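So the structure is just underneath, and the comments pick up after that.
Treat the numbers as computed from the prediction; the structure is a model and nothing was measured. Sequence positions, counted from 1, serve as the residue numbers for this chain.
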Amino acid sequence: HEIKQEASYTTLNCRGEEEMVADVYNPCAECPRNCCKGLKFLKLSPAEYQRVYEPYRGQFDIQQQGKVYELTMHKGLSCPHLGDLDLCTMYETRPYECRLFPYTVNRMYRFGPIVLFSYHGRAGCPRKEDGLFPSRKTARHLVYSLARETYGPHKLYWVCYEGIVYRVISRGIRALHLRRVLSFFRR
């Protein structure tokens, strides 16, 4: 039950030049939901934002969480890279979080020299159980790549799948941060 799309795409190569890519496998190609139509909370590195979305900045709301850009399309607008057939026009060079789907980056904490990224697989993708998307191991690697591209290679990164371990870590970090704040006021 493998789905192969027979479309060709115009995509940007590493030099920013347009080139045609044919028969690229896209597991979302025949899905009627098309998550790119209501794009929310897409997390990007500064380089991804400048390369992919800065020319379209009037089409979305943007927030920054540390160095990470978070984009939400204005109501009624789709991702500007969604083509005529509701297919991604830059599928092969899409941002890390698009590659992650149906996983998504949830939170980022910066604690001294350590940057904690968490991700989860709670996205409401109707095909996520089909085995067509990244494994949890591949998703973890993509989140590390996003972290390195965002904060540079010289930081310490901790990437974890959101669950019990993540909740313990995040509560511990918040407790340590609270202790630091309280000790500052006790002086």
Side-chain angles (χ1 to χ4, degrees), residues 5 7-22 24-110 115-128 132-134 138-139 141-153 155 157 159 162:
Q5 72 187 50
S8 294
Y9 299 93
T10 302
T11 185
L12 296 176
N13 63 23
C14 61
R15 293 179 299 281
E17 302 162 339
E18 285 192 5
E19 62 183 34
M20 292 298 290
V21 178
V24 176
Y25 176 68
N26 177 349
C28 302
E30 294 184 8
C31 179
R33 183 165 175 206
N34 203 323
C35 302
C36 303
K37 287 185 178 177
L39 195 61
K40 294 180 181 177
F41 312 117
L42 179 68
K43 292 171 183 71
L44 303 164
S45 71
E48 288 176 318
Y49 170 71
Q50 290 172 354
R51 175 177 62 87
V52 179
Y53 287 100
E54 190 170 43
Y56 307 99
R57 64 180 164 262
Q59 297 181 20
F60 49 80
D61 295 321
I62 185 167
Q63 294 182 342
Q64 269 191 277
Q65 189 177 10
K67 289 185 175 187
V68 175
Y69 288 83
E70 186 176 271
L71 308 182
T72 297
M73 299 306 297
H74 289 158
K75 189 171 184 168
L77 294 179
S78 299
C79 174
H81 299 288
L82 194 59
D84 296 336
L85 302 173
D86 286 340
L87 299 174
C88 182
T89 59
M90 58 176 303
Y91 189 77
E92 287 297 302
T93 58
R94 67 197 186 281
Y96 287 114
E97 190 158 32
C98 296
R99 291 173 187 272
L100 272 170
F101 197 81
Y103 296 102
T104 185
V105 174
N106 187 34
R107 293 195 178 112
M108 290 142 294
Y109 290 104
R110 199 156 168 223
V115 180
L116 169 67
F117 277 74
S118 72
Y119 67 103
H120 63 78
R122 292 190 311 258
C125 175
R127 301 200 58 210
K128 78 177 174 183
L132 302 172
F133 294 101
T138 301
H141 173 74
L142 288 167
V143 175
Y144 268 116
S145 297
L146 173 62
R148 277 193 294 274
E149 186 172 300
T150 302
Y151 287 98
K155 284 277 185 200
Y157 303 106
V159 173
E162 190 172 285

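- A heavy-atom distance below 4.5 Å is not found between the side chains of Val105 and Ser118.
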| side-chain contact (heavy atoms from CB on, under 4.5 Å) evaluation trace for Glu48 with Leu146 | CA-CA 9 Å; Glu48 288 176 318; Leu146 173 62; 3.6 Å; yes
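- His141 pairs by the side chain to side chain contact (heavy atoms under 4.5 Å, CB included) definition with Ser145, Arg148, not counting sequence neighbours.
- In this structure, Arg99 forms no cation-pi arrangement with Tyr96, as its terminal cationic atom is not both closer than 6.0 Å to the ring centre and no more than 45° off the ring axis.
- Here Leu42 contributes atom CG and Thr104 contributes atom OG1; the two are 8.0 Å apart, rounded to the nearest 0.5 Å.
- Applying the salt bridge (charged side-chain N to carboxylate O under 4.0 Å, His left out) test to every pair with at least one member in residues 63-77, sequence neighbours left out, gives these pairs: Lys43-Glu70.
- By the 6.0 Å contact criterion, NZ on Lys40 is open, its count of non-hydrogen atoms from other residues, nucleotides or ligands being 12 or less.
- A 6.0 Å sphere centred on CD of Gln65 holds more than 12 heavy atoms belonging to other residues, nucleotides or ligands.
- When every heavy atom of Leu44 is checked against every heavy atom of Pro95, the shortest pair comes out as CD2-CB, 3.5 Å.
- Atom CD of residue Glu97 and atom OG of residue Ser45 lie 11.5 Å apart, to the nearest 0.5 angstrom.
- Contact between Ala147 and Phe117 at its shortest, heavy atoms only, is CB-CE1, 3.5 Å.
- Residues forming a salt bridge (charged side-chain N to carboxylate O under 4.0 Å, His left out) with Glu149 (at least two apart in sequence, or on another chain): none.
- In this structure Tyr56 satisfies the ring pair (Phe, Tyr, Trp, His ring centres under 6.0 Å) test together with His81, sequence neighbours excluded.
- For the atom pair His74 NE2 and Leu71 CG, the distance stands at 10.0 Å (nearest 0.5 Å).
- For the residue pair Arg51 and Thr93, the shortest heavy atom distance occurs at NH1-O, 3.1 Å.
- A distance of 11.5 Å separates OH of Tyr103 from NE2 of His120, quoted to the nearest 0.5 Å.
- Contact detail for Tyr53 and Cys79: the closest heavy-atom pair is OH-SG, 3.2 Å.
- The shortest non-hydrogen separation linking Ser78 to Gln59 is O-OE1, 4.3 Å.
- With sequence neighbours excluded, the residues forming a ring pair (Phe, Tyr, Trp, His ring centres under 6.0 Å) with Tyr49 are Tyr69, listed by chain and number.
- The shortest heavy-atom contact between Leu100 and Ala139 is CD2-O, 3.3 Å.
- From Leu87, atom CG reaches atom CG of Leu82 across 7.5 Å, with rounding to the nearest 0.5 Å.
- From Glu92, atom CD reaches atom CE of Met90 across 10.5 Å, with rounding to the nearest 0.5 Å.
- Among residues two or more places apart in sequence or in another chain, the side chain to side chain donor-acceptor pair (under 3.5 Å) test is passed with Thr138 by Ser135.
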